[in-house]
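Values below: every heavy atom of this structure, side chains too, minus hydrogens, waters and symmetry copies. Numbered from 1 within each chain, the chains take letters A, B, ... in sequence-line order.
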Number of protein chains: 2
Amino acid sequence: MKTEQRNTREPKRDKLKSMEKLLHSVGAILQKDGYKALKAQHIATHAKLDKKLIYNYFGSLGGLIDAYLKKNDFWKRTELLTEQAPLADLQADKVVEILKGEFTFLEHSPEMQHIILWELSEKNPLLQEILDEREHFGEQLFKLSDKYFKGSAVNFRAVNALLVSAIYYIILHSRYNTNTICGIDATSKKGREQLFKSIEQIIYWCYREAEQTRNQ
Amino acid sequence: MKTEQRNTREPKRDKLKSMEKLLHSVGAILQKDGYKALKAQHIATHAKLDKKLIYNYFGSLGGLIDAYLKKNDFWKRTELLTEQAPLADLQADKVVEILKGEFTFLEHSPEMQHIILWELSEKNPLLQEILDEREHFGEQLFKLSDKYFKGSAVNFRAVNALLVSAIYYIILHSRYNTNTICGIDATSKKGREQLFKSIEQIIYWCYREAEQTRNQ
DNA sequence: GTTACAAGTCAACGGCCGGTGACTTGTAAC
DNA sequence: GTTACAAGTCACCGGCCGTTGACTTGTAAC
């Protein structure tokens, strides 16, 4: 609103660049050490800036973190699935692919892991908002599968709620705990494949059962 | 080892009673406010004792908490199922009953919720130990079901790993988040029943599939 | 009662962390 | 160059929390 002559030159003292550095550091720290490590001094040091700037630019530490969350909506990732090739149908193999993708992505995204843990650890309106968005997107997908389950004995949303929840818990559990879950070692290739196969089986059971019971 | 004349009299200054008060306060606070609220001053105030006693008796705050965890193995609860009437078999309806029981118990046990969250939040050898015990107990149960799934296309342990994990995540999620999971509101009676029915369905699918594919 | 020791009290230290006031310095307009 | 202001620096406050040392007090043995 004041100095709008950006892009023309590159000053050494650049407020917007500093803000971006801080925001970027939030992401980097979140990914490396989790939300518990989001301390003012830590973030500032990582950004090679003075922590005072956090308060100058974002009002408070919370303001900075909120700004980061608003700018980085991690749950839009899945939309790529539809952007590339818009889905018109949702058959069993596609659902299995999405669930497996969810697992693999989460497994390799410490940032997402930390955010999910965060979401389980305390009430946060911002996180809620983002979850709501995700739900809204998921609903678009489920609409595509409704025709298979309408009037059947299968509640496909409930089954997926179970499977998605299971994936979340298993990934989080495996971060700090080396022990098995019901004898399954989710960190090993073998355990992972056992879980994947069971997920696949459950989804196929759903479609089969639905076909048999649809419209009674 | 020194003053062993307990039980005879009831002194006002009673070390063992004070220790128990502190341990009990740990449990009470854990249940009410979660593991994050386990502060020395907080615990001492709740026990109506001086916080110095924590260090006199348990060496450190961590020592007190560890002592509490060691004395209270929360996961033995499930064993009641077998103590009352030792299981010799594990049919589908029994498995469903156990899983539903798990859900309902966890739903009403803030203490367990906090401990599960704790387990997801940081590495803790004590918690690991307790989880291992639980795994060992679970394995006893699975052995009873092996005859149904040996040589079949169903990995019953993997399916249960998914369902148990799902239950854990859903309960934790519902503590702070009011939004739905895949359109299911786990906090409502309706949502709970939808989840229960799907769990039941999945277990029955397992037994049915196993019967059809056993020994190929 | 006297005594010795454990049980319990109290005040304080030191570290961490969010936040701030007052200062210095780079930059752009003139 | 001078000047004005934003960008950035630095030392510090105040609160919280784990931990401790030095003290007081109840209790049991004699």
Side-chain angles (χ1 to χ4, degrees), chain A residues 1-26 29-30 33-69 118 121-122 124 126, chain B residues 1-26 29-30 33-69 118 121-122 124 126:
Chain A
M1 197 147 175
K2 287 171 183 175
T3 57
E4 289 300 337
Q5 73 287 22
R6 313 230 77 264
N7 299 345
T8 58
R9 252 165 289 190
E10 275 303 326
K12 314 271 182 190
R13 295 185 149 201
D14 191 329
K15 180 174 176 176
L16 270 73
K17 209 156 199 167
S18 294
M19 290 177 79
E20 275 165 26
K21 275 189 195 170
L22 288 171
L23 288 168
H24 176 262
S25 292
V26 170
I29 290 168
L30 192 53
D33 307 315
Y35 74 95
K36 285 178 188 170
L38 290 178
K39 320 284 186 186
Q41 188 57 62
H42 193 182
I43 295 167
T45 303
H46 184 280
K48 288 169 186 162
L49 292 170
D50 193 279
K51 68 173 174 173
K52 181 65 191 295
L53 300 182
I54 293 172
Y55 303 93
N56 286 351
Y57 300 154
F58 300 96
S60 69
L61 178 58
L64 168 59
I65 294 171
D66 283 359
Y68 174 79
L69 290 178
W118 192 355
S121 301
E122 57 188 51
N124 184 323
L126 231 346
Chain B
M1 195 144 174
K2 287 172 183 175
T3 57
E4 289 300 336
Q5 74 285 22
R6 313 227 80 265
N7 298 346
T8 58
R9 251 164 288 188
E10 277 303 326
K12 314 270 182 190
R13 296 184 149 203
D14 191 330
K15 180 175 175 174
L16 269 74
K17 210 155 198 167
S18 293
M19 290 177 80
E20 276 166 25
K21 274 189 196 171
L22 287 172
L23 288 167
H24 175 262
S25 292
V26 170
I29 290 168
L30 190 53
D33 306 316
Y35 73 96
K36 286 178 187 170
L38 290 177
K39 320 283 185 187
Q41 187 57 61
H42 194 181
I43 295 167
T45 303
H46 184 279
K48 288 171 187 163
L49 291 170
D50 192 279
K51 64 177 170 171
K52 180 66 191 292
L53 301 181
I54 293 172
Y55 302 92
N56 286 352
Y57 301 153
F58 300 96
S60 70
L61 178 59
L64 168 60
I65 294 170
D66 283 359
Y68 174 78
L69 290 178
W118 191 355
S121 300
E122 58 189 49
N124 184 325
L126 232 346

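Between Ala40(B) and Lys51(A), the one whose closest nucleotide on DNA chain D sits nearer the 5' end is Lys51(A). Each of Leu38(A) and Ser18(B) was matched to the nucleotide of DNA chain C holding its nearest heavy atom; the match closer to the 5' end belongs to Ser18(B).
In this structure, Lys48(B) atom NZ and dA7(C) atom C1' are separated by 19 Å, rounded to whole Å. dA7(D) atom C1' lies 13 Å from atom CE of Met19(A), rounded to whole Å. One can place CD of Gln41(A) at 11 Å from C1' of dG18(C), the figure rounded to the nearest angstrom. Rounded to a whole Å, the NZ atom of Lys39(B) is 5 Å from the P atom of dC17(D). Residue Phe58(B) contributes atom CZ, which lies 18 Å from atom C1' of dT20(D) at whole-angstrom precision. The OH atom of Tyr55(A) sits 4 Å away from the P atom of dG19(C) (whole-angstrom rounding). Rounded to an integer number of Å, the gap from NZ of Lys36(A) to P of dC16(C) is 18 Å. Between His42(A) atom NE2 and dG18(C) atom P the separation is 11 Å, expressed in whole Å.
Here the options are Lys15(A), Lys21(A), Lys17(A), the test is side chain to side chain contact (heavy atoms under 4.5 Å, CB included), and the partner is Met19(A); only Lys15(A) passes.
Ring geometry, Tyr35(B) versus Trp118(B): the interplanar angle falls under 30°, so the pair is classed parallel (tilted spans 30 to 60°).
Between His42(B) atom NE2 and Ile29(B) atom CD1 the span is 4.5 Å, to the nearest 0.5 Å. Remark: Leu64(B) CG to Ile54(B) CD1 distance equals 5.5 Å, nearest 0.5 Å.
Side-chain atoms of Lys52(B) and base atoms of dG18(D) include no donor and acceptor less than 3.5 Å apart.
Within the 4.0 Å cut-off from OP1 or OP2 of dG8(C), at least one side-chain nitrogen or oxygen of Tyr57(B) is found.
Across dA7(D), dT19(D), dA7(C), the shortest atom-to-atom separation from the side chain of Lys15(A) is found for dA7(D). Side chain of Asp50(B), nearest nucleotide from dG19(C), dG8(C), dC10(C): dC10(C). When distances run from any side-chain atom of Leu61(A) to the nucleotides dT9(D), dT9(C), dG19(C), the shortest one goes to dG19(C).
The side-chain heavy atoms of Ser25(B) and Lys48(B), taken from C-beta on, include no pair separated by under 4.5 Å.
dC17(D) is paired with dG14(C) under the criterion used here, namely a Watson-Crick or G-U wobble arrangement in which both key atom distances are under 3.5 Å. Across all strands shown, dA28(C) pairs with dT3(D); the Watson-Crick or G-U wobble distances both stay below 3.5 Å. Figure legend. dT9(D) is base-paired to dA22(C); pairs are counted as Watson-Crick or G-U wobble with both atom distances under 3.5 Å.
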